[in-house]
Amino acid sequence: MANLTVKFLAADLLIIGGGTAGCFAAITAAEHSPATIIIADKANIKRSGCLAAGVNALNAYIVPGQTPESYLEYVKNDSAGLVREDLVLSVAKRLNKVTKKIEDLGLVIQKGPDGEYAARGTRNIKINGENIKPLLAAAAAKGPHTTVLNRVNMTDYIVQDGKVIGAYGFSLDEAVFYVITAQAVICATGGAAGLY
């Protein structure tokens, strides 16, 4: 067995998980701050996460005739009321802005004869989503102070005085153990799809 190497890294922001949420978090942070960012993903950000297989609709959009408040009511009913209403409403108010951002990155969103997004139901719009994940991954990776660690499995947080200040993980390809410290840590490891 090869000797284990320990790598100590530091950043302003550590994002654990390079799926849709992790990539979008990195894109947003890079656009609004000079923060150094590390994205650690157990696979490869080009194909990780639930959208990597491609999709034909964005299932979280405020179509004409709907409001963030009606979206909140849908989520409350769908989850039997077990939601943080303030968080869902905050997210709902930004859904369409996020959609426009992804379209600006190159996502093809289908449009009707009137030039408006083609709706599919009351909360969905039709897209050609086979390239959604590569678009997000490329945009995230090109951040001026962003480092991507593909095939690095983060296993535990580093906690100091009750605050998460980093994480431990290991490479899936090399005998490398990572100790990554950060001013802020975002856990974007999935499991949130039901919140749409």
Side-chain angles (χ1 to χ4, degrees), residues 13 15-33 37 39 41-143 146 148 184-196:
L13 174 62
I15 300 172
I16 303 171
T20 305
C23 284
F24 205 86
I27 292 165
T28 303
E31 286 178 347
H32 296 285
S33 77
I37 302 165
I39 305 170
D41 191 89
K42 69 182 183 309
N44 184 305
I45 68 169
K46 292 179 184 176
R47 60 184 179 277
S48 63
C50 62
L51 293 186
V55 291
N56 64 1
L58 290 180
N59 295 327
Y61 188 80
I62 308 298
V63 301
Q66 298 295 313
T67 65
E69 291 75 18
S70 67
Y71 185 84
L72 171 60
E73 289 306 312
Y74 153 71
V75 173
K76 283 171 40 180
N77 290 333
D78 195 49
S79 64
L82 298 174
V83 296
R84 266 194 53 195
E85 293 183 26
D86 61 327
L87 178 60
V88 173
L89 185 59
S90 177
V91 168
K93 289 178 179 178
R94 293 172 176 83
L95 290 175
N96 293 13
K97 185 176 180 180
V98 169
T99 298
K100 177 67 173 117
K101 175 69 179 170
I102 297 172
E103 183 181 33
D104 291 345
L105 291 174
L107 178 66
V108 176
I109 301 178
Q110 297 178 21
K111 297 185 178 169
D114 58 0
E116 297 296 321
Y117 294 153
R120 189 181 89 172
T122 58
R123 292 170 298 279
N124 310 44
I125 57 173
K126 298 177 183 180
I127 66 170
N128 295 352
E130 63 277 355
N131 66 344
I132 190 169
K133 195 58 198 14
L135 288 170
L136 289 170
K142 77 175 184 180
T146 300
V148 176
V185 178
I186 295 175
C187 179
T189 56
L195 292 179
Y196 70 80

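Heavy atoms only: backbone and side chains are in, while hydrogens, waters and symmetry mates are out.
Remark: A25 engages I15, I186 in a side-chain contact (heavy atoms from CB on, under 4.5 Å) (not counting sequence neighbours). Under the side-chain contact (heavy atoms from CB on, under 4.5 Å) criterion, V108 pairs with N128, sequence neighbours left out. Every salt bridge (Lys or Arg N to Asp or Glu O under 4.0 Å) that E73 has, sequence neighbours left out, goes to K76. Every residue two or more places apart in sequence or in another chain that forms a side-chain contact (heavy atoms from CB on, under 4.5 Å) with L135 is listed here: L107, N131. Shown here are the ring-ring contact (aromatic ring centres under 6.0 Å, His included) partners of F24, two or more places apart in sequence or in another chain: there are none. With sequence neighbours excluded, no residue satisfies side-chain hydrogen bond (donor to acceptor under 3.5 Å, both in side chains) with K142. By the side-chain hydrogen bond (donor to acceptor under 3.5 Å, both in side chains) test, N96 is found to be paired with no residue, residues two or more places apart in sequence or in another chain being considered. Judged as a side-chain contact (heavy atoms from CB on, under 4.5 Å), and not counting sequence neighbours, the contacts of T67 are E69, S70.
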Using the rule given for side chain to side chain contact (heavy atoms under 4.5 Å, CB included), can you reason through I27 versus L105, listing the C-alpha separation, both sets of side-chain angles and the distance that settles it, and then say yes or no?
CA-CA 11 Å; I27 292 165; L105 291 174; 4.1 Å; yes
Would you check, one step at a time, whether the test side chain to side chain donor-acceptor pair (under 3.5 Å) holds for E103 with Y117?
CA-CA 11 Å; E103 183 181 33; Y117 294 153; 2.5 Å; yes
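Contact record, A140 with T146: O-CG2, 3.5 Å, taken as the closest heavy-atom pair. For the pair N124 and N59, the tightest heavy-atom approach, listed with the atom from each and the gap, is ND2-OD1, 2.6 Å. Closest approach of I37 and A30 over heavy atoms only: CD1-N, 3.8 Å. Residues V63 and A119 share a closest heavy-atom pair of CG1-CB, 4.0 Å.
For residues 51-63, there are no salt bridge (Lys or Arg N to Asp or Glu O under 4.0 Å) pairs, not counting sequence neighbours. Residues in residues 20-33 take part in these side chain to side chain donor-acceptor pair (under 3.5 Å) pairs, two or more places apart or across chains: E31-K101.
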Counting only pairs under 3.5 Å, give me each side-chain donor-acceptor contact of residues 47-58, with atom names and distances, residues two or more places apart or in other chains.
unit_1, atom_1, unit_2, atom_2, d
S48, OG, G18, O, 3.2
S48, OG, D41, OD1, 3.3
S48, OG, N44, O, 3.4
N56, OD1, R120, NH1, 3.0

Side-chain donor-acceptor pairs under 3.5 Å in residues 83-92, sequence neighbours left out?
unit_1, atom_1, unit_2, atom_2, d
R84, NE, D86, OD1, 3.2
R84, NH2, D86, OD2, 2.9
S90, OG, R94, NH1, 2.7

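With rounding to the nearest 0.5 Å, the separation of CD1 in I109 from OH in Y61 is 7.5 Å.
The backbone N or O of G17 sits nowhere less than 3.5 Å from a side-chain atom of K42 that would complete a donor-acceptor pair.
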